[in-house]
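Inspection log for the structure reproduced underneath, given as structure tokens.
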Amino acid sequence: MVRLSRGRSARTWVRVSGFCGVLVPVVAFSCIGASIALSPWFSWLDNALSDLGASSSPVAPIFNLGLVASGLLAVVFSAGLMEELRGSKLGLLGASLMLLTSISLALIGVFPEDVRPHHLLASVAFFVSSLLTFLVLGPIWLRKPGKPSRVLGAFMVASAIVGGLVWGLWECLGLGQGVAIPEVTSAALASACAVAVGAQMSTGKL
């Protein structure tokens with residue numbers, strides 16, 4: 001009975017954490033969108049998203065608190081993912097990278113743009129680890145039975161590659177002084193992967 005109870009508790013925890021994963025981009029992009037809407041000075045070509053969270057920005061509380069909240073939700077999601085993938089070394093590596101991504105996301109909000117070098121380190125850690133996370137997790141889903149899992153696995157790997165290419169092309173071609181476009185592109189791709197995995201976890205279909 002004790003083992004059964006623990007099993008049910010673990011399954012409940014995984015489902016709750018999966019739901020948190022689905023909420024992460026909802027909270028993050030809602031606050032980012034609101035911050036942009038309230039900032040007529042913001043330019044996609046000349047600014048970074050973090051400019052919205054600088055101490056001098058009127059929308060800094062919205063932007064920074066949104067990132068902290070979404071980062072904390074992502075930490076819960078990462079913990080549930082670790083529980084679900086604990087039998088796989090590659091899965092644990094991917095879940096650990098997800099945890100690093102989650103902590104980095106929260107720290108971007110804790111340390112605004114003008115808090116250096118903390119903000120820069122957190123931002124670099126977030127974008128690099130988010131790409132690596134799904135580059136590692138993708139092959140796990142590719143090996144799962146069923147076409148939906150294999151499609152998701154392929155999407156994870158493709159998202160990591162495309163996200164990296166967007167950053168590389170933006171820098172090489174000098175398309176703008178700011179980095180808001182590669183930031184939101186790579187974040188959106190990673191978010192789509194997280195939502196898909198979180199939905200599987202929350203419905204018990206992982």
Side-chain angles (χ1 to χ4, degrees), residues 21 24-33 35-36 39 41-54 57 63-64 66-68 70-71 74-75 77-78 81 90 93-142 151-198:
V24 170
V26 175
V27 173
F29 284 111
S30 292
C31 292
I32 292 171
S35 298
I36 292 174
S39 304
W41 52 267
F42 180 83
S43 167
W44 284 100
L45 293 178
D46 298 327
N47 291 106
L49 292 179
S50 293
D51 292 343
L52 296 163
S57 171
F63 182 84
N64 292 328
L67 295 190
V68 172
S70 56
V75 167
F77 171 58
S78 303
L81 192 61
L90 189 62
L93 174 60
S96 298
L97 286 168
M98 177 64 78
L99 179 60
L100 174 59
T101 301
S102 305
I103 295 172
S104 301
L105 176 60
L107 290 179
I108 293 174
V110 172
F111 300 113
E113 185 182 52
D114 40 354
V115 179
R116 302 181 180 183
H118 306 75
H119 178 82
L120 177 61
L121 293 173
S123 296
V124 171
F126 170 75
F127 287 107
V128 172
S129 61
S130 65
L131 295 176
L132 291 176
T133 294
F134 295 105
L135 197 60
V136 171
L137 291 179
I140 297 176
W141 265 258
L142 281 171
V151 169
L152 177 55
F155 181 73
M156 288 182 187
V157 175
S159 294
I161 294 173
V162 170
L165 286 175
V166 169
W167 276 104
L169 289 174
W170 191 266
E171 292 297 327
C172 292
L173 298 179
L175 298 176
Q177 295 182 352
V179 290
I181 290 178
E183 282 179 335
V184 78
T185 301
S186 58
L189 289 169
S191 295
C193 295
V195 167
V197 174

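Predicted, not measured: the structure shown is a model, and the values here were computed from it. Values reported hereafter were calculated over all heavy atoms of this structure, with side chains retained and with hydrogens, waters and symmetry mates removed. Start at 1 with the first residue, then count along the sequence.
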Item to check | Sole residue of Ile108, Ile32, Leu105, Val26 in side chain to side chain contact (heavy atoms under 4.5 Å, CB included) with Ser70 | outcome: Leu105
Does the [X] side chain pair with the main chain of [Y], one donor and one acceptor, at a distance under 3.5 Å?
X      : Y      : value
Ser57  : Leu52  : yes
Ser30  : Val27  : no
Trp167 : Val179 : no
Ser102 : Met98  : yes
Ser39  : Ile36  : no
Asn64  : Gly53  : yes

Hey, are the side chains of [X] and [Y] touching, using non-hydrogen atoms and a 4.5 Å cut-off?
X      : Y      : answer
Asp114 : His119 : no
Leu131 : Leu135 : no
Thr185 : Trp170 : no
Cys172 : Leu169 : no
Val157 : Pro139 : yes

Item to check | Worked check of side chain to side chain contact (heavy atoms under 4.5 Å, CB included) between Leu175 and Leu45 | outcome: CA-CA 8 Å; Leu175 298 176; Leu45 293 178; 5.8 Å; no
Item to check | Heavy-atom pair with the smallest gap, counting every atom of Leu49 and Phe63 | outcome: O-CZ, 3.3 Å
Next on the checklist: Give me the atom names and distance for the closest heavy-atom approach of Phe134 to Cys193.
Outcome noted: CE2-CB, 3.3 Å
Can you tell me how far [atom2] of [Y] sits from [atom1] of [X], rounded to the nearest 0.5 angstrom?
X      : Y      : atom1 : atom2 : answer
Leu137 : Leu90  : CG    : CG    : 7.5 Å
Leu93  : Leu132 : CG    : CG    : 9.0 Å
Ser186 : Ile181 : OG    : CD1   : 12.0 Å

